[in-house]
Novice: 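Here's a structure for you.
A, B, ... follow the sequence lines: proteins, then strands. Residue 1 opens every chain. In what follows, every heavy atom counts, from backbone to side chain, and hydrogens, waters and symmetry copies are set aside. None of the values given here were measured: they were computed from a predicted structure.
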Number of protein chains: 2
Amino acid sequence: MENGVHLNTVLLNGVHYTCGMPRPESTAAYARNSRDDVIEAALGILDQQGLPDLTMRHLAATLGIQPSGLYWHFPNKQALLAAVSDRIIAGARSVDTTGRSWQQRVQAEATALRDALLAFKDGAEVVSSTLALGLGAEGLHRRLTGAIDAGGFDEETSELAAATMVHFIVGHAFHEQQRIQADSLGAVAHAHTLDREDPAEATDRPGAFDFGITLLIAGLERQGTHVPADPASAGSQ
Amino acid sequence: MENGVHLNTVLLNGVHYTCGMPRPESTAAYARNSRDDVIEAALGILDQQGLPDLTMRHLAATLGIQPSGLYWHFPNKQALLAAVSDRIIAGARSVDTTGRSWQQRVQAEATALRDALLAFKDGAEVVSSTLALGLGAEGLHRRLTGAIDAGGFDEETSELAAATMVHFIVGHAFHEQQRIQADSLGAVAHAHTLDREDPAEATDRPGAFDFGITLLIAGLERQGTHVPADPASAGSQ
DNA sequence: ACCTGAACACCGTTCAAGT
DNA sequence: ACCTGAACACCGTTCAAGT
């Protein structure tokens with residue numbers, strides 16, 4: 001793959017790499033990517049090839065640098081994925097609040113966040129791993145708590161309900177994205193092998209997402225503002 | 001690692017490997033594991049080392065065979081993990097149904113399933129990936145739909161509600177397990193760096209799980225038996 | 001400030017062959 | 001029935017050094 005032409009090293013040897021100068025006509029021996037360039041390239045690979053192909057080596061090749069060069073921008077791959085996650089979440093469209101009930105607002109926020117996860121291939125999986133690890137992607141929580149707060153619940157209720165919704169939103173999107181991929185891969189292969197009774201198949205009917213969110217909102221409406229901590233729960237022990 | 005002593009190949013050369021015979025005193029040149037042995041060993045590694053150490057090579061070494069030997073038992077690693085997932089779910093304790101409301105039953109089933117996920121290190125992550133992929137772990141769905149059905153809901157409602165709960169249960173357990181691990185690793189390191197305001201930290205207070213399940217049950221109680229398909233939902237388009 | 005070059009210590013999977 | 005041996009095509013990460 002190396003092109004045999006001689007590099008312009010003679011020119012480069014005389015450069016004073018005055019550090020402050022931003023992108024000096026890009027006459028450099030290597031790519032000189034910014035941290036943002038790296039994230040953008042990662043999002044590109046993610047969307048067009050998927051998470052399995054988002055390797056440090058592949059990403060580096062896309063940027064025209066060596067794999068080790070990435071470690072100047074990020075301490076490790078997890079940190080890179082956290083930055084990618086934040087970008088995916090930040091891409092969620094903003095919701096028009098004016099004149100809407102808190103229920104409508106929660107529905108709209110949840111849908112916007114789900115759409116953001118679905119906008120990138122394997123987006124839900126990336127965000128899932130990132131927020132399980134406790135890195136980034138707090139935008140999910142923030143927007144949902146904000147919407148629920150409008151219902152006048154106490155802070156604890158809002159946060160717990162938001163956390164419940166986050167798990168559902170991400171889990172549902174993850175599941176749906178995998179199903180899309182499985183369908184596109186095995187569409188022809190399994191086309192006439194359809195003796196369908198798989199319970200996982202029942203989940204993907206349209207409206208499953210809206211149903212879940214509606215269920216949680218209905219739960220909040222019924223609970224009111226009190227936190228259920230009574231021993232009547234048939235719970236853990 | 002190879003011990004220099006001579007193998008008992010002389011004895012082995014005379015063997016008629018009559019295929020039906022089960023475990024013939026185990027006088028064999030190699031380990032002769034059953035498929036079940038492999039799953040058991042995988043569960044052992046998972047529980048004591050965690051998912052990152054559950055590699056085909058490590059697993060093979062534990063069983064005393066070559067990595068390639070595993071591919072006689074399973075077509076690939078995903079299939080192995082699916083079998084491991086099924087085992088984890090099957091380990092959920094059974095719930096005493098007698099004289100309990102459907103709400104209590106749902107709570108108990110959900111708790112039993114969560115406990116099963118938490119019983120093995122990284123159990124939630126393994127099950128999460130498996131059921132996202134659409135392989136196995138349907139035990140989760142089955143038990144929850146069974147419990148919800150007792151509330152007299154129509155089949156569609158039961159299944160959608162169960163799917164919602166599955167996402168919450170797995171997501172919550174995943175999150176909690178990662179937090180446990182992060183705490184155990186960085187307990188000393190971050191002990192006096194605690195200027196806490198992380199919203200993810202607010203999630204892990206005890207009762208967050210019960211809250212989520214209670215919220216979903218309350219939602220079901222309010223929804224009754226009708227499926228919300230009216231255009232009043234502030235949903236996706 | 002941003003990257004190279006080279007190495008280290010790994011992966012999952014295939015396949016012919018052995019017993 | 002259950003596994004070996006050897007190979008293929010990869011991984012993430014470190015670190016001294018270069019410009």
Novice: How would you list, by chain and number, every residue that makes a side chain to side chain donor-acceptor pair (under 3.5 Å) with B:Thr55, sequence neighbours excluded?
Specialist: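 Checked B:Thr55 against side chain to side chain donor-acceptor pair (under 3.5 Å); zero matches.
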Novice: Which pairs, with at least one residue in residues 61-80 of chain B and sequence neighbours excluded, count as a side-chain hydrogen bond (donor to acceptor under 3.5 Å, both in side chains)?
Specialist: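 Applying side-chain hydrogen bond (donor to acceptor under 3.5 Å, both in side chains) to every pair that reaches into residues 61-80 of chain B, excluding sequence neighbours, yields nothing.
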Novice: Under the salt bridge (Lys or Arg N to Asp or Glu O under 4.0 Å) rule, what pairs show up with a residue in residues 39-51 of chain A, not counting sequence neighbours?
Specialist: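 Residue pairs passing salt bridge (Lys or Arg N to Asp or Glu O under 4.0 Å), neighbours aside: A:Glu40-A:Arg87.
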Novice: Given the P atoms of C:dC8 and D:dA9, what is the spacing between them in whole Å?
Specialist: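 Per the computed distance, 22 Å lies between those P atoms.
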Novice: To the nearest Å, how far apart are B:Tyr30 OH and D:dT4 P?
Specialist: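 Result: 8 Å.
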Novice: Output all residues satisfying side chain to side chain contact (heavy atoms under 4.5 Å, CB included) with B:Ala161, sequence neighbours left out; order by chain, then residue number.
Specialist: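 Per chain and number, B:Ala161 pairs via side chain to side chain contact (heavy atoms under 4.5 Å, CB included) with A:Phe211, A:Leu215, B:Ile148, B:Leu220.
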Novice: If you define the side chain from C-beta out and look only at heavy atoms, does anything of A:Arg114 sit under 4.5 Å from A:Ile213?
Specialist: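 A:Arg114 does not reach A:Ile213 side chain to side chain.
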Novice: Give, ordered by number, those residues of residues 76-86 of chain B having at least one heavy-atom distance below 4.0 Å to an atom of DNA chain D; if nothing qualifies, reply none.
Specialist: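 Heavy-atom contacts with DNA chain D come from no residue of residues 76-86 of chain B; none.
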Novice: My validator wants the stems of DNA chain C: runs of 3 or more consecutive Watson-Crick or G-U pairs, both distances under 3.5 Å, written as range with range.
Specialist: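 Paired runs of 3+ in DNA chain C: C:4-8 with D:12-16, C:12-16 with D:4-8.
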Novice: Looking at residues 52-72 of chain A, who's got a heavy atom less than 4.0 Å off DNA chain C?
Specialist: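 Listed by number, they are A:Gly64, A:Ile65, A:Gln66, A:Ser68, A:Gly69, A:Trp72.
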Novice: Taking OP1 and OP2 of D:dC2, is either one under 4.0 Å from a side-chain nitrogen or oxygen of B:Asn33?
Specialist: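 B:Asn33 to D:dC2 OP1/OP2: no side-chain N or O under 4.0 Å.
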Novice: Test of understanding: with side chain to side chain donor-acceptor pair (under 3.5 Å), list the residues that count as partners of B:Thr164, not counting sequence neighbours.
Specialist: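 Per chain and number, B:Thr164 pairs via side chain to side chain donor-acceptor pair (under 3.5 Å) with no residue.
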Novice: What residues, two or more places apart in sequence or in another chain, satisfy side chain to side chain donor-acceptor pair (under 3.5 Å) together with A:Ser129?
Specialist: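 Result, side chain to side chain donor-acceptor pair (under 3.5 Å) vs A:Ser129: none returned.
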Novice: If I take atom CZ in residue A:Arg35 and atom P in nucleotide C:dC3, what distance separates them, rounded to the nearest angstrom?
Specialist: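 Taking CZ of A:Arg35 and P of C:dC3, I get 13 Å after rounding.
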Novice: Going by side-chain hydrogen bond (donor to acceptor under 3.5 Å, both in side chains), name the pairs with one or both residues in residues 116-125 of chain A, residues two or more places apart or in two chains.
Specialist: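 Not a single pair qualifies under side-chain hydrogen bond (donor to acceptor under 3.5 Å, both in side chains).
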Novice: Tell me the interatomic distance from B:Phe74, atom CZ, to D:dC2, atom P, rounded to whole angstroms.
Specialist: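 That distance rounds to 12 Å.
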Novice: What residues, two or more places apart in sequence or in another chain, satisfy side chain to side chain donor-acceptor pair (under 3.5 Å) together with A:Ser85?
Specialist: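 With neighbours one apart ignored, the set is A:Thr130.
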Novice: Would you say B:His141 and B:Leu131 make side-chain contact, with heavy atoms under 4.5 Å?
Specialist: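 Side-chain contact under 4.5 Å: no.
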Novice: Can you name the residues that form a side chain to side chain contact (heavy atoms under 4.5 Å, CB included) with B:Ala132, not counting sequence neighbours?
Specialist: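 Expected list: A:Phe174, A:Gln178.
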